[in-house]
Amino acid sequence: MELAKAYDPKEAEETHYKRWEESGFFKPEINQDANAEAYSIVIPPPNVTGSLHMGHALQHTIMDALTRWKRMQGYRTLWLPGTDHAGISVQRKVVEQLKKDEHKKPMDIGREEFLRRCWQWKEQYGNTITEQMRREGASVDWSRHRFTMDESLSLAVRNVFCTLYEEGQIYRGLRIVNWCPKDKTVLSDLEVKEETKKDGKLTYLKYPIKDSDKTITVATTRPETMLGDTAVAVNGDDERYKDLVGKTILLPLTNREIPIIADEYVDAEFGTGAVKITPAHDPNDYLVGERHNLEQLLVMNMDGTMNAAAGPEFEGLDRFVAREKVVEEFEKLGLLEKIDDYEVTLPICERCKTIVEPILSEQWFVKMDELRDLGLELIKKENAPHFSPEIPHAKVYTTWLENLKDWTISRQLWWGHQIPAWYDNEGNVYVARTAEEAREKAGGKELTQDNDVLDTWFSSGLWAFSTFGWNGAEPPALAGGTNVDSSAASMPPAHAGGSASDLDTFLPTDVLVTGRDIIFLWVSRMMMLTKKFTGKVAFKDCVITGTVLGKDGKPMSKSRNNGVDPIEMFDKFGVDATRIYLASIATGADIRWNDVGVETYRNFANKIWNATRFCLMNAEGAVVDHQSLMTEDADLADRWIISRLNKTALEVNKALDKYEFHTAVSLLYHFFWDDFCDWYIELVKDKIQVFTEFPSVPGSLVVHELPIVQRETRKRVLTVLEISLRMLHPFMPYLTEELWLKLPGTSNALHNAAYANAEATIMLTTFPPGDLRAIDEAAEAEMSAVIDLITKVRNIRAEMNIPTTIKFTVHIAANAAMQKVFEDNKSQILKLAKAESLVIADALDVPRASAKAVTNDAAIAVPLEGLIDFDVERTRLSNQIAKLTDEKDRLTEQLSNANFVDRAPAEKVQELRDRFAELEKQIETLNNNLEALN
RNA sequence: GCCGUCUUAGCUCAGUGGUAGAGCACUCGCUUCACACGCGAUAGGCCACAAGUUCAAAUCUUGUAGACGGCACCA
């Protein structure tokens, strides 16, 4: 079987995913081991409005690598996919569409029709991201795909709402909320971001005091809100204003009189020390108002225009127009003291960037006291979730919980979970799971349902358990959930006996992989609500990925135009290269995107391809055979690569256990490229590649029948390759599957016992656990002596400029044990050092015209009569001496420090003494060599 | 204002209380029959700065500077 010269990812990407999916490899039911432990991950559901970006690609890579790794370890593995209905985003898209196509507003077509269009939009465009996940190779169980507005998940939402309401944890109330006048909905604190404006203004307004010719000056950044002022507050301890407390102000532009009050909220040091109080338009003023029983006067409409209460001159004006007009009027009245430049930080809507208006409004809230305590107890007592990286997330998360305020959950949208609350004509509220239930409660009265929907995060907060069939009403469905497809139905049940539900089997989930930005919005709420409603932890671990930044080091965004499309990268470098590059980023660290990084792994993929290609070209008479690695008669190179292979496997598993994907990738990269390709394959090349010249066609090559030893070597090479591919599979699924299927001797006989009957695939083999007993330190030491030797000889050739066509003799002086090692590996040394012969002895006996070097285990000389440039050789030797002397000097200093010798661990001291002796010896040898040249 | 992170080779980034690492770029040499997306050999860092703890600090502590993040406040 001949492979193409370079790896082309396209074909593998097109064929394997389809087969994996159709064969049911992604479903937990593929696991036939009734006692298999479960391993589960739920995906952070992407918005249906979204398309794949690098952040997804990074997170999906990690989730898929974990899923594939655990599946190969024999766990009953489930990675559950799904999407989020994304309230505001979808609503906005449909509103835009409606405006563009029909010049209509939602009100024109009505709620029912509008929702129909939302669903239509979702059906049409909502699958973009899930389709892209197939390209990524994501091994998710599509039969368990969930959408936050699925029937069962919606029922869960209503039940959670009702339960919390019945317990008094959900309430409806008039509060200052964050209002987006453009989206015309309330926002939670977390959906409000900030924008600093350097050219802001602080306006000083003079308010006349009744029965006096005095005024009191207040400063404001929002002059229009003065129309809603119901008091002016000063600090009671402020001497300047002591006499004024209790006096009345004639509020300009209105016919209202308002009191001057004393409140500790006011900081006498700041501004004028007098604060206008607008309880309906400012959260602090609201609190002051509550304390002093002030009127809450709303002067604004919900679209950001002024209302009738603002007075006839202002009614209907936009808030910013009103602002200017208020200032003008004050100026006319001579009551404008001054306007200062002032840097302001404005609250803006996370999505539409409109300036958010704090405004008094009646909304639904969740009291966070009990839920907060649940969350705090989990993180403090059980370290749940355990964050990776732990610093700084564990602390930030805890601090945030400790300061948690009530959560505004109503949204003035149509698309979403409509609040299960109904009102009668008198305004009484009936919270119920269904309209019928509400009517019953109301004694059959005519009711209308609350117009608002719930915050999208309310339903996502249930994701860890609602996706597994929990809906608070019926017992959770059995394996497969509500939309099991036919192929899943033919699978064995998740547990022996078939009685366990997904909820029992897969919750708690093992790990949640997500970004920093939604730790509060989502992670915390899922922890709290899952504990509250199932008594379980939502997930044990939480991996927080870093941010993939654009080439300019800034977060990728459309406005900066610095985004990199994962799909483009897939097309350019292949899915596997992109995946393993993303996995090579340190967990939690931000990274600037650079194509060169992906290119590195594209090259790596090609290296793997070509190593396999070479092995296959020399595979005749051999198959993958794990027994071949247990052999007694293996030579040094074999013992060494087996040792390296096992060490790598052990360390890779350890790294993955700790979510250190980058460590795993680095280990695999260097094992495969350096150890396997650069050394092992080169060392055994002669043995597995037997050529002879075909007599009639000079230069042509014919493979002979292989002797047994060589067949064994071929087996070993194939087997090491096969095990390497398995280790790489979680990161590079397509390439490894493509190649694994081509290896001779691969079949489902190599599968993990849990998947014995499944169709052959690398994804169901066992992930190499590594075997401590297979680690052979002696072989590693001997091999590194050989490698050192070869490297030094190559160095001589390179620095002395000896063309490869010239073969030379290498003289080696070493102790008896090393002499044997070099003797035993003579042919490999000759080949890789491109030497003609070796002379191995106790001491060097070479002519003056020789190039020399030392290693930790040998002294080397290469006679170069007529080829040597003595100046170059002197420089070479001097450089070597200088380097070793530097090291020796450092050691001298350290070893002559009595404190060090006394206090450092004895073995450390001994280690340095040994090294010192070694250096002395080598320096002496080199000095002798140098002198011999003169 | 509070909390926190980062600062390592030209670039992008790993890393550890005990001789500083990778990839790419650079230099030199290879059309060696798996791979030029390759092979071989070099070169390149007082690990931001300062003080402290320690036998030993790039690694721990504190401070400084710069970059950045989160939270709060913003009359």
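In what follows, chains carry the letters A, B, and so on, assigned in the order in which the sequence lines appear, proteins first and then strands, with residues in each chain numbered from 1.
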Could you check how far [atom1] of [X] sits from [atom2] of [N], rounded to whole Å?
| X | N | atom1 | atom2 | result |
| --- | --- | --- | --- | --- |
| A/Leu832 | B/C39 | CG | C1' | 12 Å |
| A/Arg516 | B/C68 | CZ | P | 14 Å |
| A/Asn795 | B/C28 | CG | P | 17 Å |
| A/Arg602 | B/C24 | CZ | P | 11 Å |
| A/Leu582 | B/C13 | CG | P | 14 Å |
| A/Tyr581 | B/C24 | OH | P | 14 Å |
| A/Arg714 | B/A34 | CZ | C1' | 14 Å |
| A/Tyr601 | B/G38 | OH | P | 14 Å |

Select base, sugar-phosphate, or nothing to describe what [X] touches, counting heavy atoms under 4.0 Å on all strands.
| X | result |
| --- | --- |
| A/Ala589 | sugar-phosphate |
| A/Tyr265 | sugar-phosphate |
| A/Tyr7 | nothing |
| A/Ala586 | sugar-phosphate |
| A/Leu912 | nothing |
| A/Glu907 | nothing |
| A/Thr221 | sugar-phosphate |
| A/Arg592 | sugar-phosphate |
| A/Thr220 | sugar-phosphate |
| A/Pro905 | base |
| A/Val596 | sugar-phosphate |
| A/Lys888 | nothing |
| A/Glu269 | nothing |
| A/Asp902 | nothing |

Between [options], which one does the side chain of [X] approach most closely?
| X | options | value |
| --- | --- | --- |
| A/His670 | B/G38, B/A22, B/A14 | B/A22 |
| A/Glu887 | B/U19, B/G70, B/A41 | B/U19 |
| A/Lys395 | B/C3, B/C74, B/G23 | B/C3 |
| A/Ala798 | B/C71, B/G18, B/A41 | B/A41 |
| A/Gln894 | B/G18, B/C39, B/U42 | B/G18 |
| A/Arg890 | B/U19, B/G18, B/G4 | B/U19 |
| A/Leu190 | B/U42, B/C71, B/G38 | B/C71 |
| A/Phe520 | B/G70, B/C74, B/U5 | B/G70 |
| A/Arg794 | B/G40, B/C35, B/U12 | B/G40 |
| A/Asp678 | B/G40, B/C37, B/G4 | B/G40 |

(message) Quick one about A/Ser188 and A/Glu191 (side-chain donor to acceptor, distance below 3.5 Å, no hydrogens or angles considered), yes or no?
(response)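 Indeed, the side chains of A/Glu191 and A/Ser188 share at least one donor-acceptor pair under 3.5 Å.
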(message) Under the ring-ring contact (aromatic ring centres under 6.0 Å, His included) test against A/Tyr581, which residue among A/Trp593, A/Phe661, A/Phe570, A/Tyr669 passes?
(response)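 Going through the options one by one, the only one that passes is A/Trp593.
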Is there side-chain contact between [X] and [Y], with heavy atoms separated by less than 4.5 Å?
| X | Y | answer |
| --- | --- | --- |
| A/Val523 | A/Cys542 | yes |
| A/Ile641 | A/Phe671 | yes |
| A/Val652 | A/Leu668 | yes |

Identify whether NZ of Lys or CZ of Arg in [X] sits under 6.0 Å from the centre of the six-membered ring of [Y] and within 45° of that ring's axis.
| X | Y | answer |
| --- | --- | --- |
| A/Arg797 | A/Phe808 | yes |
| A/Lys338 | A/Tyr204 | yes |
| A/Lys685 | A/Phe614 | yes |

Nearest-Å distance once atom [atom1] is located in both [N] and [M]:
| N | M | atom1 | answer |
| --- | --- | --- | --- |
| B/C13 | B/A9 | P | 12 Å |
| B/U8 | B/G15 | P | 14 Å |
| B/G21 | B/G44 | P | 14 Å |

Assess whether one donor atom and one acceptor atom, taken from the side chain of [X] and the base of [N], lie less than 3.5 Å apart.
| X | N | value |
| --- | --- | --- |
| A/Glu194 | B/C73 | yes |
| A/Arg613 | B/C35 | no |
| A/Lys5 | B/C35 | no |
| A/Glu660 | B/A14 | no |

(request) Between A/Glu682 and A/Lys276, just flag the one whose closest nucleotide in RNA chain B comes earlier from the 5' side. (result)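 Upstream on the strand: A/Glu682.
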(message) Let me spell it out: for each of A/Trp593 and A/Val901, pick the nucleotide of RNA chain B with the closest heavy atom. Which residue's pick is nearer the 5' end?
(response)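 Between the two, 5'-proximity favours A/Trp593.
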(message) I need the minimum non-hydrogen distance between A/Ala4 and A/Trp609, along with the two atoms involved.
(response)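 The answer is O-NE1, 2.8 Å.
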(message) With a 4.0 Å cut-off on N to O distance, would you call A/Glu873 and A/Arg876 a salt bridge?
(response)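 A salt bridge is present here (some side-chain N lies under 4.0 Å from a carboxylate O).
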Applying a 3.5 Å limit to both distances, which nucleotide forms a Watson-Crick or G-U wobble pair with [N]?
| N | result |
| --- | --- |
| B/U19 | none |
| B/U27 | B/A41 |
| B/A72 | none |
| B/A50 | B/U62 |
| B/A67 | B/U5 |
| B/A34 | none |

(request) Determine: side-chain N/O of A/Lys883 to OP1/OP2 of B/A43, distance under 4.0 Å, yes or no. (result)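 Yes, because at least one side-chain N or O of A/Lys883 sits under 4.0 Å from OP1 or OP2 of B/A43.
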